[in-house]
**Q** 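Take a look at this one; I'll ask things after.
Numbers restart at 1 for each chain; the letters A, B, ... are given by sequence-line order, proteins then strands.
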2 protein chains.
Amino acid sequence: MSRASARAAGLTRAEPIFAALGEETRLALVARLCARGPQSITRLTAGSAVTRQAITKHLHVLAGAGLVHDVRRGRERIWEIDAEGLDDARLWLEKISKRWDEALGRLKKLVEE
Amino acid sequence: MSRASARAAGLTRAEPIFAALGEETRLALVARLCARGPQSITRLTAGSAVTRQAITKHLHVLAGAGLVHDVRRGRERIWEIDAEGLDDARLWLEKISKRWDEALGRLKKLVEE
DNA sequence: CTCATGCGCAACCTCCTGGTTGCATATTAG
DNA sequence: CTAATATGCAACCAGGAGGTTGCGCATGAG
């Protein structure tokens, strides 16, 4: 939580992050990178239903949303999660949920009066 | 958090929710429904860049993800947020983030030894 | 040096998505 | 009853997303 980027205040960055997570293969990639740590493309492709190229594309989408970053190591490229992105998304959800709870409180109060 | 549905344990429900939130117009709709409370389609369309029909479609997508529900009232249809969906998404993010933190801890430990 | 690995690039292809327009239907205001 | 309001339904469209295949290039293993 302490690592969440400050700009998470607005909903600016939220949409691309949700869009990136809103696809089965990518969501699985994120889950995998979180659970098993940094991995190469080939390794990430293993066990997946799609081609290495497809995985590569998905990784680039995730990178575009700031959810992962990569480092070249020898002849392979290692991809690692960027947890700040996840935090930003979570913060956005918290903020919006809270806003709804407040609205709900007002509505309830309005009915009671 | 107490309202989050239990099934949030797996990532089952997470993907459609993220997919629904991963579109500008829909994310704005969710934000608006949370901030200003239940509203009719026409009201939600006001101020939006797209057609009422487009808004209607988006609302159905959100409903499909369990993020909103609607009630007919007279000749208008009122849409309201279903905050459990937001909670589910948040819980998924928390779970995965935590998993990554643990993995990171293990990696750090591995390097130090 | 030679080969097997691990990737990157690019051309294609298909489907779904976001949006629109046109028209029909239901309700409430007067 | 009549008109205006609030939606619903369906056909249509362009563009982008997800996926594949084919081929070229760099790098590490022997």
Side-chain angles (χ1 to χ4, degrees), chain A residues 11-33 36-81 85 89, chain B residues 11 14-33 36-81 85 89:
Chain A
L11 57 77
T12 321
R13 242 171 72 78
E15 187 249 305
I17 293 180
F18 287 137
L21 294 176
E23 203 275 341
E24 209 181 341
T25 307
R26 283 196 295 267
L27 196 61
L29 279 175
V30 168
R32 185 166 181 167
L33 284 174
R36 310 192 201 173
Q39 295 173 51
S40 72
I41 298 180
T42 303
R43 189 121 162 270
L44 285 168
T45 303
S48 170
V50 297
T51 315
R52 169 180 60 87
Q53 307 295 355
I55 297 293
T56 298
K57 282 192 185 177
H58 283 308
L59 287 170
H60 281 299
V61 172
L62 289 172
L67 285 170
V68 299
H69 68 270
D70 63 293
V71 177
R72 186 104 206 199
R73 199 180 64 188
R75 66 181 158 183
E76 55 187 7
R77 185 176 294 278
I78 306 298
W79 291 82
E80 180 172 328
I81 244 325
Chain B
L11 58 76
E15 186 249 307
I17 294 180
F18 287 136
L21 295 175
E23 204 276 340
E24 209 180 344
T25 308
R26 282 196 294 266
L27 196 62
L29 280 175
V30 168
R32 185 167 181 167
L33 285 174
R36 309 191 202 173
Q39 295 173 50
S40 72
I41 298 179
T42 303
R43 188 119 164 272
L44 285 168
T45 303
S48 169
V50 298
T51 316
R52 169 182 60 86
Q53 307 294 355
I55 297 293
T56 298
K57 281 192 186 180
H58 283 307
L59 286 170
H60 281 298
V61 172
L62 289 172
L67 285 170
V68 300
H69 67 271
D70 62 295
V71 177
R72 186 104 207 201
R73 199 180 63 189
R75 68 180 157 186
E76 55 187 7
R77 185 175 294 281
I78 306 297
W79 292 82
E80 180 172 329
I81 242 330

**Q** Just do the side chain to side chain contact (heavy atoms under 4.5 Å, CB included) check on A:Glu76 and A:Thr42 with the steps written out, would you?
**A** CA-CA 8 Å; A:Glu76 55 187 7; A:Thr42 303; over 6 Å; no
**Q** Within the distance-only criterion (no hydrogens, no angle test), does the side chain of A:Thr51 pair as donor or acceptor with the backbone N or O of A:Gln53 below 3.5 angstrom?
**A**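 Not a single qualifying donor-acceptor pair exists.
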**Q** Answer whether the closest heavy-atom distance between the side chains of A:Leu21 and B:Leu21 falls below 4.5 Å.
**A** no
**Q** Going 5' to 3' along DNA chain D, which are the first and last nucleotides with any atom under 4.0 Å from a heavy atom of chain A?
**A**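 Extent of the interface on DNA chain D: D:dG18 to D:dG28.
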**Q** Regarding B:Arg43, tell me which of base, sugar-phosphate or nothing describes its non-hydrogen contacts under 4.0 Å with the strands shown.
**A**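 Nothing, no heavy atom under 4.0 Å.
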**Q** Looking at C:dG18, C:dG22, C:dT27, which one has an atom nearest to any side-chain atom of B:His58?
**A** C:dG18
**Q** Indicate whether OP1 or OP2 belonging to C:dG8 is found under 4.0 Å from a side-chain N or O atom of A:Arg77.
**A** yes
**Q** Name the residue closer to the 5' end of DNA chain D, choosing between A:Ala54 and B:His60 according to the nucleotide with the nearest heavy atom.
**A**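 Here B:His60 is the residue nearer the 5' end.
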**Q** Just the rounded figure in Å: distance from P of C:dG8 to CD1 of A:Ile78.
**A** 11 Å
**Q** Is A:Glu76 touching bases, backbone alone, or none of the nucleic acid, heavy atoms closer than 4.0 Å?
**A** sugar-phosphate
**Q** Would you mind reading off the distance between B:Arg52 atom CZ and C:dA24 atom C1', rounded to a whole angstrom?
**A** 12 Å
**Q** Would you say B:Asp70 and B:Leu59 make side-chain contact, with heavy atoms under 4.5 Å?
**A**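 No, every pair of side-chain atoms sits at 4.5 Å or beyond.
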**Q** Please tell me which of A:Thr51 and A:Gly74 maps to the more 5' nucleotide of DNA chain D, matching each residue to the nucleotide holding its nearest heavy atom.
**A** A:Thr51
**Q** Between B:Arg26 (side chain) and B:Ala20 (backbone), is there a donor-acceptor pair under 3.5 Å?
**A** yes
**Q** When B:Pro38 is tested against each of B:Leu44, B:Ile78, B:Ile81 for side chain to side chain contact (heavy atoms under 4.5 Å, CB included), which residue passes?
**A**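 So, applying the side chain to side chain contact (heavy atoms under 4.5 Å, CB included) to B:Pro38 and each of B:Leu44, B:Ile78, B:Ile81, only B:Ile78 qualifies.
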**Q** Is the phosphate of C:dG19, meaning OP1 or OP2, less than 4.0 Å from a side-chain N or O of B:Thr25?
**A** yes
**Q** Taking the side chain as C-beta and beyond, is there a heavy-atom pair between A:Val71 and A:Glu80 under 4.5 Å?
**A**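 In short, these two side chains do not touch, never coming nearer than 4.5 Å.
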**Q** Round to a whole Å and report the spacing from CD1 of A:Ile55 to P of C:dG6.
**A**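 From A:Ile55 CD1 to C:dG6 P: 15 Å.
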**Q** In whole Å, what is the span from the CD1 atom of A:Ile41 to the C1' atom of C:dC9?
**A** 13 Å
**Q** Pick the nucleotide of DNA chain C nearest each of A:Trp79 and A:Lys57; which residue has the one closer to the 5' end?
**A**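 Its nucleotide being nearer the 5' end, the pick is A:Trp79.
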**Q** Nearest heavy atom decides the nucleotide; on that basis, is A:Gln53 or B:Glu23 closer to the 5' end of DNA chain C?
**A**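 In this pair, the answer is A:Gln53.
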**Q** Atom CZ of B:Arg72 to atom C1' of C:dT28: distance rounded to whole Å?
**A**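 That distance rounds to 12 Å.
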